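Scroll down for the structure; my scribbles are underneath it.
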Amino acid sequence: MASIVGRQLRLTPNLIKSCSRLVTVGQRSYADMAFTFASPYDVYYKDAKVRQIDVPTFSGNFGILPNHVPTLAVLKPGVVNVFEEDGSTKKYFVSSGSVTINDDSSVQILAEEAHPLDRIDASAVREGLTKAQQEVASASSESAKAQAQIAVECYEALQKAVEH
């Protein structure tokens with residue numbers, strides 16, 4: 001009996017901490033979602049306040065709002081939509097990477113490559129896709145074929161993004 005009471009007393013601080021976190025989280029507004037978005041070459045957002053972020057992942061596309069359930073996901077080639085506080089939307093093409101959603105409503109996207117969608121040349125994308133498809137057809141090893149296929153998938157996602 002004493003061991004049960006002792007164990008429950010040790011758990012009490014964790015329970016109090018969890019409950020106080022829930023009370024604090026319940027008082028947040030959209031302006032409290034801190035967003036960081038970076039690639040090896042650029043930092044697009046650093047602890048910026050945004051309304052919503054839509055991300056393409058291998059488990060499906062989904063939107064992120066404040067108080068989203070903590071999540072870790074792998075990005076697939078596609079468009080990240082960032083809905084800013086002022087109502088504007090910015091679009092970025094990402095090749096791959098990760099998205100982390102924390103229980104404090106902060107979100108981090110670390111992309112292998114990311115580029116503003118309005119800076120992507122549609123004709124260059126078409127040329128790149130054609131070249132990548134030729135590389136798949138002429139690949140001499142399974143490794144070369146797999147690398148070329150990854151390029152094809154990325155260019156197809158790029159083409160879809162710039163045409164819509």
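This is a predicted model, so every value here is computed, not measured.
Two residues are said to be in side-chain contact when any heavy atoms from C-beta on lie closer than 4.5 Å; Leu75 and Val55 meet this criterion. A 4.5 Å side-chain heavy-atom check between Pro70 and Asn102 finds every atom pair outside the cut-off.
At a threshold of 4.5 Å between side-chain heavy atoms, the hydrophobic network of Ile, Leu, Val, Met, Phe, Trp and Tyr places Val80 and Phe62 in one connected group. Transitive grouping of hydrophobic side chains (ILVMFWY, heavy atoms separated by less than 4.5 Å) brings Leu129 and Val136 into a common cluster.
When all heavy atoms of Arg126 and Gln159 are compared, the pair lying nearest together is CG-NE2, 3.4 Å. The shortest non-hydrogen separation linking Gly78 to Ala157 is N-CB, 4.4 Å. In terms of heavy-atom proximity, Ala111 sits nearest to Pro40 at O-CD, 3.2 Å.
Scored by the ring-ring contact (aromatic ring centres under 6.0 Å, His included) test, His115 finds no partners at all (sequence neighbours excluded).
The pair Lys90-Glu84 counts as a salt bridge, with a side-chain nitrogen and a carboxylate oxygen less than 4.0 angstrom apart.
The structure places CG of Asn81 at 11.0 Å from CD1 of Ile64, a figure rounded to the nearest 0.5 Å. For the atom pair CD (Gln149) and SG (Cys154), the distance works out to 12.0 Å, reported to the nearest 0.5 Å. To the nearest 0.5 Å, the span separating CD1 on Ile53 from OG1 on Thr89 amounts to 12.0 Å.
With hydrogens and angles ignored, the 3.5 Å screen pairs a side-chain donor or acceptor of Asp104 with a backbone N or O of Ser106. In this structure a side-chain-to-backbone donor-acceptor pair under 3.5 Å is missing from Arg51 to Phe83. Not a single donor-acceptor pair under 3.5 Å links the side chain of Ser88 to the backbone N or O of Asp86. Without hydrogens or angle criteria, Tyr44 side chain to Ser39 main chain gives no donor-acceptor distance under 3.5 Å.
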Margin query: Quick one, Tyr45 with Thr36, criterion side-chain contact (heavy atoms from CB on, under 4.5 Å). Give me CA distance, side-chain angles, the key distance, then yes/no.
Written below: CA-CA 5 Å; Tyr45 293 88; Thr36 299; 5.7 Å; no
Margin query: For Val50 and Glu85: C-alpha separation, side-chain torsions, deciding distance, then whether side-chain contact (heavy atoms from CB on, under 4.5 Å) applies.
Written below: CA-CA 5 Å; Val50 298; Glu85 280 188 314; 5.9 Å; no
Check: Step by step, would you call Lys46 with Val43 a side-chain contact (heavy atoms from CB on, under 4.5 Å)?
Finding: CA-CA 7 Å; Lys46 183 165 176 33; Val43 175; 4.2 Å; yes
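No more than 12 heavy atoms of other residues, nucleotides or ligands lie within 6.0 Å of OH in Tyr155, so this atom counts as exposed by the packing criterion.
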Residues 92-101, side-chain donor-acceptor partners within the protein, below 3.5 Å, at least two apart:
{"unit_1": "Ser95", "atom_1": "OG", "unit_2": "Glu113", "atom_2": "N", "d": "3.3"}

Distance-only check: which donor-acceptor pairs under 3.5 Å involve side-chain atoms of residues 118-125, not counting sequence neighbours?
{"unit_1": "Asp121", "atom_1": "OD1", "unit_2": "Ser123", "atom_2": "N", "d": "3.2"}
{"unit_1": "Asp121", "atom_1": "OD1", "unit_2": "Ser123", "atom_2": "OG", "d": "3.0"}
{"unit_1": "Asp121", "atom_1": "OD2", "unit_2": "Ser123", "atom_2": "OG", "d": "3.3"}

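When each of Leu117, Val162, Asp54, Leu158 is checked for a side-chain contact (heavy atoms from CB on, under 4.5 Å) with Val79, only Leu117 meets the rule.
Judged as a ring-ring contact (aromatic ring centres under 6.0 Å, His included), not a single pair has a partner in residues 123-147 (not counting sequence neighbours). A side chain to side chain donor-acceptor pair (under 3.5 Å) check over residues 132-148, counting only residues at least two apart or in different chains, returns nothing. Residue pairs that meet the salt bridge (charged side-chain N to carboxylate O under 4.0 Å, His left out) test with at least one member in residues 55-83, sequence neighbours left out, do not exist here.
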